[in-house]
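I have placed the structure first, in the form of structure tokens, so that the comments after it can refer back to it.
Order of the sequence lines sets the chain letters (A, B, ...), proteins ahead of strands, with each chain counted from 1.
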Protein chains: 2
Amino acid sequence: MSATKKSTLVLVAERAGVSIASVSRVMNGLPASDAIVERVQKAADELGYVPDATARSLKAGKTQQIALAVADAGNPVYVAMMHEISRVVTKAGYRLILSSTGSEPGDQIDLLTNLNRGFADGLVMSPLKVTDELVARIQASRLPIVVIGSLPGDVEIDNVRADSVRGVGLAVEHLVEQGRQRIAFVNGPVDTVPGAARLGGYLRALDEQGLPHNADAQVNARDFTYKAGLKAVTKLLDRSTPDSIVCANDLLAIAAIKVITARGLRVPEDIALVGMDDTDLAELANPSITSVNLGSVKRAKTAAKLLLRRLEDPDAPVRREVIQPTLTIRESTSSPARPAVDPAANPAARQAAGETAPATPEPTRNQKREPLL
Amino acid sequence: MSATKKSTLVLVAERAGVSIASVSRVMNGLPASDAIVERVQKAADELGYVPDATARSLKAGKTQQIALAVADAGNPVYVAMMHEISRVVTKAGYRLILSSTGSEPGDQIDLLTNLNRGFADGLVMSPLKVTDELVARIQASRLPIVVIGSLPGDVEIDNVRADSVRGVGLAVEHLVEQGRQRIAFVNGPVDTVPGAARLGGYLRALDEQGLPHNADAQVNARDFTYKAGLKAVTKLLDRSTPDSIVCANDLLAIAAIKVITARGLRVPEDIALVGMDDTDLAELANPSITSVNLGSVKRAKTAAKLLLRRLEDPDAPVRREVIQPTLTIRESTSSPARPAVDPAANPAARQAAGETAPATPEPTRNQKREPLL
DNA sequence: CTGTTAGCGCTTTCAA
DNA sequence: TTGAAAGCGCTAACAG
């Protein structure tokens with residue numbers, strides 16, 4: 001299986017007939033006479049010597065490793081962020097350690113304790129739930145930590161977050177512009193940071209648009225997954241007839257497509273759909289999903305850079321960055337350009353007009369309205 | 001930002017009034033008198049002492065870290081494998097280092113050199129392309145390496161692979177059973193290990209089924225991505241009229257759905273579809289995609305365990321495992337089972353049967369067919 | 001049972 | 001310029 005034994009400074013020094021200090025200098029490009037450089041290089045090559053990372057770390061007090069902790073590793077948006085962080089820190093000469101944690105604050109706290117073992121020089125984390133204790137622990141940490149996601153008040157922690165309130169606002173505004181009035185909301189758990197923020201954004205956006213709040217038009221999935229989304233959307237459609245839905249992430253939006261089309265309704269004609277996170281899934285979906293881009297990649301990149309900055313300057317002032325959202329418009333909200341305005345032939349327009357049922361019978365009506373699930 | 005300075009064995013020893021050896025023993029649960037245990041524990045608690053991982057590593061010659069190198073980190077199947085490996089090694093007390101590499105063998109070779117720096121105890125890798133040099137380097141590696149994916153001949157490297165030839169066979173057989181005869185194949189690059197294997201499987205399966213080879217019915221996407229898939233499928237449909245397509249992975253299959261529906265054709269009625277890898281995407285797609293499960297999670301798990309085994313027994317015999325594929329049947333190949341009841345009256349049932357539109361004209365039909373792209 | 005001591009492999013004064 | 005030597009924080013002989 002394996003081969004040549006591991007070679008060390010000492011071995012190289014012996015072979016080159018110099019001191020270990022000289023070998024070290026040559027390996028690090030420090031000044032040395034040509035003669036020594038040459039002999040050391042030769043010996044090192046022959047022995048296939050490469051400096052040991054652990055020994056270096058011990059000596060330097062740095063590991064060149066950065067840890068990443070995300071709660072919901074199954075969500076494509078975190079995968080995308082992970083890749084971006086990996087890219088940035090690798091370029092800076094760091095290795096990335098994946099510290100999968102559960103979604104509970106306790107898990108993250110365990111991780112913080114563990115971090116003190118010094119296996120990494122810093123941490124990027126994106127907690128789904130933030131408790132006072134977690135915040136306290138982060139602040140008390142000996143190692144630099146950058147948090148992705150909203151943090152309460154004015155805690156002095158390097159932080160980069162999305163403006164998801166504004167993000168939901170963009171979604172709602174867009175739908176209103178498309179003539180939608182009954183805008184439902186499929187959220188994840190509201191005891192999570194994103195869940196709470198997105199709900200707040202939804203309610204605020206309704207107010208801004210002068211639309212009424214309607215409890216029946218809101219539903220919370222058990223978590224931010226596709227499966228939970230199926231249940232939530234089913235529940236939603238069982239008790240209300242929205243002309244559009246804002247989903248708190250793209251997975252929930254995909255679930256919405258499934259449920260909607262399974263009921264014989266169409267996206268976007270009958271129900272328009274906006275997702276959030278603007279992950280690859282939004283593009284892959286059929287129809288593709290208009291999605292609020294919360295700048296996940298940019299957040300990831302910024303977070304990584306913030307950490308690198310603090311690593312080289314521990315006394316730099318704390319930075320709290322907010323990434324502005326944008327809206328990527330796709331098929332799920334593209335209003336069908338209908339030539340003649342015959343409400344009966346166009347359920348979306350009909351609903352937009354605030355009419356729940358036409359006075360005259362209409363062929364597809366019963367089929368479409370019939371509750372199926 | 002930070003807080004209490006780092007505390008070491010020495011600090012704890014001083015505070016407890018004992019030797020550092022005693023502290024070490026207590027921290028490691030080695031025999032010690034109750035009195036000492038108590039005093040050390042107290043001192044350690046007060047100082048918030050946790051043993052330093054780097055120092056331990058240097059002493060022990062082990063890092064408790066495992067590196068993972070996958071070429072195509074964007075592909076959901078690798079993400080799934082990553083999670084599984086993370087799960088398994090974490091449970092065994094290892095940290096996982098993500099070593100993203102490019103798809104070229106050169107990148108992987110660089111990584112192997114780097115591995116010799118000893119930042120990890122072992123490596124799990126899944127190279128997209130395998131050259132003789134890469135194989136040689138793996139064999140010459142001082143550290144245990146497990147390769148996920150096919151390896152040439154009988155090289156003595158711990159290895160776990162999928163039987164993708166059989167996998168494609170399952171797909172083709174299934175389609176034939178569904179009455180499909182003109183089975184096209186959308187592959188990725190054939191200069192990759194999976195690309196080559198899947199092509200081989202396709203040709204062989206055609207032979208076994210007594211179906212003719214048809215060059216027009218085969219196309220290779222530039223890579224295994226959605227985007228490349230769009231192009232490839234477009235090209236395919238421009239020059240042939242298959243009644244079904246086997247796609248070399250789920251991303252390509254999703255691309256196929258897009259292109260097919262954009263042309264006003266239906267999946268599965270006009271063209272049935274089988275993907276490969278059986279990722280979450282296959283379930284999320286609309287219609288959901290029948291997919292060959294190549295045991296990615298099981299492969300990942302097996303690979304991780306193989307590595308752990310070798311870590312504790314470097315002289316264990318080399319193992320080469322093959323994971324058998326299965327087929328997960330979903331909507332994209334479900335033959336429309338027409339119920340006695342009038343399908344038009346029940347859209348959900350129609351959908352569940354995998355039928356997007358009935359054969360006979362029906363009011364909403366045209367709306368549904370309307371291509372959105 | 002407990003303390004002393006010698007390294008793990010490296011970087012970095014400090015002298016020469 | 002080069003070498004000798006002192007540790008980084010820990011574990012594991014080895015004495016006592």
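Here B/S24 lies in heavy-atom contact (under 4.0 Å) with a base. Residue-level contact check: B/V18 touches the backbone only, with heavy atoms under 4.0 Å from sugar-phosphate atoms and none from bases. Among the atoms of the strands shown, only primed sugar atoms or phosphate atoms (P, OP1, OP2) are found under 4.0 Å from some heavy atom of A/T8.
Partners of A/K42 under the side chain to side chain donor-acceptor pair (under 3.5 Å) rule, at least two apart in sequence or in another chain, are A/E46. Scored by the side chain to side chain donor-acceptor pair (under 3.5 Å) test, B/R56 finds B/N28 as partners (sequence neighbours excluded). Taking the side chain to side chain donor-acceptor pair (under 3.5 Å) definition, one finds that B/D121 meets it with B/T63, sequence neighbours left out. Looking at residues two or more places apart in sequence or on another chain, you find a side chain to side chain donor-acceptor pair (under 3.5 Å) between A/R87 and A/E84.
The heavy-atom pair separating A/P317 from A/R309 by the smallest distance is O-NH2, 2.9 Å. Residues B/Y49 and B/S7 approach most closely at CD1-O, 3.2 Å, considering heavy atoms.
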Pairs under 3.5 angstrom only: tabulate donor-acceptor contacts from the side chains of residues 18-27 of chain A to other protein residues two or more places apart or in another chain.
unit_1	atom_1	unit_2	atom_2	d
A/S19	OG	A/A21	N	3.4
A/S19	OG	A/S22	N	3.2
A/S19	OG	A/S22	OG	3.4

Please report, to 0.1 Å, the donor-acceptor pairs under 3.5 Å made by any side chain of residues 104-112 of chain A, with sequence neighbours excluded.
unit_1	atom_1	unit_2	atom_2	d
A/E104	OE2	A/K129	NZ	3.1
A/D107	OD2	A/G102	N	3.4

Acceptor/donor pairs from residues 294-303 of chain B side chains to any protein atom, 3.5 angstrom cut, sequence neighbours excluded:
unit_1	atom_1	unit_2	atom_2	d
B/R299	NE	B/L294	O	3.0
B/R299	NH2	B/L294	O	3.3
B/T302	OG1	B/K298	O	2.6

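In summary, A/D158 and A/R310 engage in a salt bridge, as defined by a charged side-chain N under 4.0 Å from a carboxylate O. Looking at B/K6 and B/D52, a side-chain N of the basic residue comes within less than 4.0 Å of a carboxylate O on the acidic one, giving a salt bridge.
For DNA chain D, the outermost nucleotides in 5' to 3' order that have an atom under 4.0 Å from a heavy atom of chain A are D/dT1 to D/dG9. Along DNA chain C, read 5' to 3', the first and last nucleotides having any atom under 4.0 Å from a heavy atom of chain A are C/dG9 to C/dT13.
Residue pairs that meet the side-chain hydrogen bond (donor to acceptor under 3.5 Å, both in side chains) test with at least one member in residues 93-102 of chain B, sequence neighbours left out, are A/S86-B/S100, B/Q65-B/R95.
Contact of the B/S57 side chain with the A/F119 side chain is not registered, since no non-hydrogen atoms from C-beta on lie closer than 4.5 Å.
Toward the 5' end of DNA chain C, the nearer of the two residues B/K59 and B/G17, judged by each one's closest nucleotide, is B/G17. Where B/V50 and B/R25 meet DNA chain D, the nucleotide closest to each residue was compared, and B/V50 sits on the side nearer the 5' end.
Between the axis at the start and the axis at the end of the helix from C/dC1-D/dG16 to C/dA16-D/dT1 there is an angle of 50°, using five pairs per end and rounding to 10 degrees.
Residues from residues 26-43 of chain B placing a heavy atom under 4.0 Å of any atom in DNA chain D, listed by number, are B/N28.
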